[in-house]
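Lettering follows sequence order; numbering is per chain, from 1. Just so you know, these numbers use all the heavy atoms, side chains as well, and skip hydrogens, waters and symmetry mates.
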2 protein chains.
Amino acid sequence: MNQYPHSTRLLVAIDCIIFGFDGDEIKLLVIKRNFEPERGKWSLMGGFVNQEEDLEVGAERILHELTGLNNIYVEQLLTFGKVNRDPVERTISVVFFALINIHSHDEESVRAHNAHWVSLKNMPQLIFDHEKMVQNALERLRYKAALHPIGFELLPETFTIPQLHKLYEAIYGMQLDRRNFSRKILSTGLLVDTGEKNENSATKKAILYRLDKEKYEDKFHSFWYFMPEPSA
Amino acid sequence: MNQYPHSTRLLVAIDCIIFGFDGDEIKLLVIKRNFEPERGKWSLMGGFVNQEEDLEVGAERILHELTGLNNIYVEQLLTFGKVNRDPVERTISVVFFALINIHSHDEESVRAHNAHWVSLKNMPQLIFDHEKMVQNALERLRYKAALHPIGFELLPETFTIPQLHKLYEAIYGMQLDRRNFSRKILSTGLLVDTGEKNENSATKKAILYRLDKEKYEDKFHSFWYFMPEPSA
DNA sequence: TCTTAATGTGTCGTTTGGACACAATATTAC
DNA sequence: GTAATATTGTGTCCAAACGACACATTAAGA
């Protein structure tokens, strides 16, 4: 038995949602297509799955191709497979979403791919069902950031609490009390005072923190079960 | 442009995790395969995606084929696509998970497919990566049930608080204080007293409740954001 | 030196949650 | 028919968490 008979093979694509944070709002990295179909229009960065390539590997390949980055936060989101989602030919798209530090990518590579950071608030029209994908990814981001210490993936190695605060306000599109937020974040024990201060500030300089990597690994999953750890 | 050139088409399958609750523990509906490959072994119910069929429709078709049920709770879980996950031929599997009332399915159909309910605690070996899928689905169930009123999908139309309590203990594999649980559930306002009592009970008969459908629809998403509703 | 803007820390009252007690109901044993 | 038993419904208490808000500290620029 070397093949399954009587079954249709389909084109399988990977599309990547790439979020960044510019200090003020959440941004999305999209490309202006200089290839068919839909040349000249905006879309997510994507590609096809290679015959001998795992899905996650494919996603990392595509992300690396655009940003030059490795070892970034990537998570499979959902698979979009409506029959007519791609007018050229039926294509199943496995969507991944990635969080990166907006200042860490390879500018050259991004320029070469004709990619741009766009604001979520006045996002250009995207091709196919890509806008649905983005909407879905945003919901996932909100969901996860509320339960897991995932926001740090969007910030530099060291960061201040006011930065983190602005990030969360941007994610949820709402104001959060600065003082209560600070208390809550510090109570997690995930932040380590680096002893340095943010020199960019115009007024009082904020303390620069870094993540406690070990506690981060530990807490990442224990956040999941805000019900105490299940046994099975 | 009628096709994308130079790209490999892959077989796309759908596999379904089907959970039920027998009043004591969470059960999984699996089939004993009487077809190749892996004839005689246990696996999830699945099938291939048809050329002209949306993924969700395919999942519903497969679920209906096995259980005779329509309009059940189905949610896309993840897509499994490791190169060698299926030894016959590379196959991408889009996994869905469904919650059903364990007493509502078509017994005939289940027998005809050689399907059985198995306990999660002594689950038989499953083929390919199906055990990973189940593990993943269980985590999703725990995740969602903690935030959304999703457990009801596993119970009959009317149910008692002690039933619900046992269900949650089964989901999380831990004991939950009966009284605190009751208080918490009632405080959601989702339960409506039907005025009837559970006649099956050996001792004091428990109140039968039903879901407040409207509040259920409302709350289903508002549970998401335990941070107040975001604006964007 | 004063003003201003941003940052760090603290207080207070309410709400929520976990631990636990007790009363009510229905079946079974005697 | 009554007592014992198991199960269910409701309540109390205390500690922890949370939201709303005040005040002190720091640094740049007028």
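Not a single side-chain hydrogen bond (donor to acceptor under 3.5 Å, both in side chains) links B:Asp24 to another residue, sequence neighbours left out. Residues forming a side-chain hydrogen bond (donor to acceptor under 3.5 Å, both in side chains) with B:Asp177 (at least two apart in sequence, or on another chain): B:Arg179. In this view, B:Glu214 and B:Asp212 satisfy the side chain to side chain contact (heavy atoms under 4.5 Å, CB included) rule, not counting sequence neighbours. Residues passing the side-chain hydrogen bond (donor to acceptor under 3.5 Å, both in side chains) test with B:Lys132, sequence neighbours excluded: none. With sequence neighbours excluded, no residue forms a side-chain hydrogen bond (donor to acceptor under 3.5 Å, both in side chains) with B:Glu60.
Distance A:Leu176 CG to D:dC18 P: 13 Å, rounded to the nearest Å. Residue B:Leu164 contributes atom CG, which lies 12 Å from atom P of D:dG9 at whole-angstrom precision. Regarding A:Ile161, its CD1 atom lies at a distance of 6 Å from the P atom of C:dG8, rounded to whole Å. Straight-line distance from the OH atom of A:Tyr209 to the C1' atom of C:dG8: 8 Å, rounded to whole Å. Rounded to whole Å, atom P of D:dT7 lies 15 Å from atom CD of B:Gln163. Separating the CG atom of A:Leu191 from the P atom of C:dT9 is a distance of 12 Å, rounded to the nearest angstrom. In this structure, the CG atom of A:Asp177 is 11 Å from the P atom of D:dA22, given to the nearest Å. Atom-to-atom, CD1 of B:Ile207 to P of C:dT25 comes out at 11 Å; the value is rounded to the nearest Å.
Residues B:Asn180 and B:Pro162 each lie close to DNA chain D; by heavy-atom proximity, the contact nearer the 5' end of the strand is made by B:Pro162.
Counting non-hydrogen atoms of other residues, nucleotides and ligands closer than 6.0 Å to NZ of A:Lys166 gives a total of 12 or fewer.
A donor and an acceptor atom never sit less than 3.5 Å apart when one is taken from the side chain of B:Arg179 and the other from the base of C:dA19. A donor-acceptor contact under 3.5 Å is formed by the side chain of B:Arg183 with the base of C:dG18.
B:Ser43 and B:Arg33 get closest at one heavy-atom pair: OG-NH1, 3.3 Å.
Minimum atom distance to the side chain of B:Ala206 is reached by D:dT8, of the listed C:dG17, C:dT9, D:dT8.
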Do any N or O atoms of the protein come closer than 3.5 Å to N or O atoms of nucleotides 26-30 of chain D, and which pairs are they?
from	atom 1	to	atom 2	distance (Å)
D:dA28	OP1	A:Lys205	NZ	2.9
D:dA28	O4'	A:Ala202	O	3.0

